Amino acid sequence: MPRDPLIGLVGKPSAGKSSTLNSLTDASSKVGNFPFTTIDPQRAIGYLQIDCACSRFGLTDRCKPNYGSCDNGRRSVPIELLDVAGLVPGAHQGKGLGNKFLDDLRHADALIHVVDVSGTTDAEGKNTRGYDPSVDIAWLRSEIVQWIKGNLMEKWGSIKRRHVAVKATAVETLQNQFSGYGSTAAVVARTLDKLGLKEPLEEWDEETIDRVVNAFTDEKFPTVIALNKIDHPDADKNIAKIAKMQDPNKIVLCSAISEIFLRKMAKQGYIRYTEGSEYIETREDLIADGDPTGGGLKELDEKNRNRIENLKDMVLYRFGSTGVVQVLSKAAEMLGLVPVFPVRNITTFGSGGSSKEVFRDCVLVKKNSTVADVARKILGDAPIAYVEGVGGIRVSEDQIVSVGKNDILSFKLGK
């Protein structure tokens, strides 16, 4: 059966990886059923924000997810996160927790690389000043590429001989070697298609193998670069430098510690705050807007009032948010994840029975998934008689699901 998407968090010590993970998995300020959180010491459940199907049909007041929450059409969907073991330069040679790091990494579908953009921690996470964080981005990728290339080159001679002897395709041969990284034949095929190689595999030189491994790394491990600690005075110059070196579509600016603080203050009743928003409302703000009760919020002491004002100026108003919610959204975007809403009753969007609650379930599937893929993910090998879409229209199992198309489905079981 298709497995759930898995997002890996990587980063050197003291980059803010733990804070980022905590801010992605903290569901305490939401309303709903959150079975958080730790699956094992390295796996946890984060919450991806999406536009819920309930808003298309004016049913936001009746949307009650079994897992996660839905607030006026903005839905938080559980997604599995992997805290990848300690990362230091030389991991591919076994330095630090290198072997563990690389073994963990292969399970991930996409990566979030948390980078200390303040430049106040060196390559090993020790306190310093003036460190160039662009170096961290380069060596993370280098570690992965060297790991994959090293394994390939170690037995390249026998790989070529077998390739010729069995008359295999390049995709078949490479998939035999790359399957240990969680690859599929489709991933390998896309890698080779992008390169457009003309020469047969047995004639590849080391330069060609370099190109293949680099392209495979991009395809198998799409990476979000989460530039953390953006509120530090030295961050701006480092952000500007990295923005010139990296694809801007892969970069998200964030302050994980700010997000944790805001959620804590909201939970304790001092502010109103929605994750991913640039707005904070305090008791004083609401009184000034004409609410004599201040929304029932508690009064802030001077220390926290000043901290919130500084956070507004240094993070929210400058960057539009703390960026933490956007980090997970960017990873989902890179994977092309599609939310699909399975329902029992395609007319009412309910789960059957007398309940008036709608869109109780939502699953995330990868782009280009078919209706049959969704069925297997939800029902396993149970026999399907037919599938209905919105309006009770029969939907073929080979049709592709996408946002707004074949993403609300009712599966009818049969023999």
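None of these values were measured; they are calculated from a predicted model. No hydrogens, no waters, no symmetry mates; every other heavy atom, side chains included, goes into these values.
- Under the salt bridge (Lys or Arg N to Asp or Glu O under 4.0 Å) criterion, the residue pairs touching residues 241-258 are Asp132-Lys241, with sequence neighbours excluded.
- The side-chain heavy atoms of Pro339 and Val77, taken from C-beta on, include no pair separated by under 4.5 Å.
- Ion pairing between a basic and an acidic side chain is recognised when a charged N comes within 4.0 Å of a carboxylate O; Asp234 and Arg129 show such pairing.
- Ionic pairing of Glu278 and Lys312 is not present here: no N-O contact between side-chain nitrogen and carboxylate oxygen is shorter than 4.0 angstrom.
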Apply side chain to side chain contact (heavy atoms under 4.5 Å, CB included) to Leu316 and Leu311, showing your working. CA-CA 7 Å; Leu316 299 184; Leu311 199 153; 3.7 Å; yes
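- Checking Leu335, Asp109, Leu24, Val327 one by one against Ile7, the side chain to side chain contact (heavy atoms under 4.5 Å, CB included) holds for a single residue, Leu335.
- Side-chain contact check for Ile257 versus Asn228: every heavy-atom pair is 4.5 Å or farther apart.
- What you find for Thr121 and Lys12 is that their closest heavy atoms are O-NZ, 2.7 Å.
- Scanning all heavy atoms of the two residues, the minimum distance from Ile50 to Arg74 falls at C-NH1, 3.4 Å.
- When all heavy atoms of Val324 and Glu259 are compared, the closest pair comes out as CG2-CB, 3.7 Å.
- Using bins of under 30°, 30° to 60° and over 60° for the plane-to-plane angle, the ring pair Phe341/Phe359 lands in the perpendicular bin.
- Judged by a 6.0 Å distance limit and a 45° cone about the ring axis, Lys298 is positioned over the six-membered ring of Tyr270.
- Residues Arg376 and Asp381 are not paired through a salt bridge, judged by the lack of any N-O separation under 4.0 Å between the basic side chain and the carboxylate.
- Ion pair Arg62/Glu357 not flagged as a salt bridge, since none of the NZ, NE, NH1 or NH2 atoms sits closer than 4.0 Å to an Asp/Glu carboxylate oxygen.
- Ion pairing between Lys17 and Asp83 holds under the 4.0 Å rule for side-chain N and carboxylate O.
- Remark: the backbone N or O of Val371 is not paired with any side-chain donor or acceptor of Asn406 at under 3.5 angstrom.
- By the 4.5 Å heavy-atom criterion applied to side chains, Val252 and Val224 are counted as neighbours.
- With Asp285 contributing its side chain and Thr282 its backbone, the two residues share a donor-acceptor pair below 3.5 Å.
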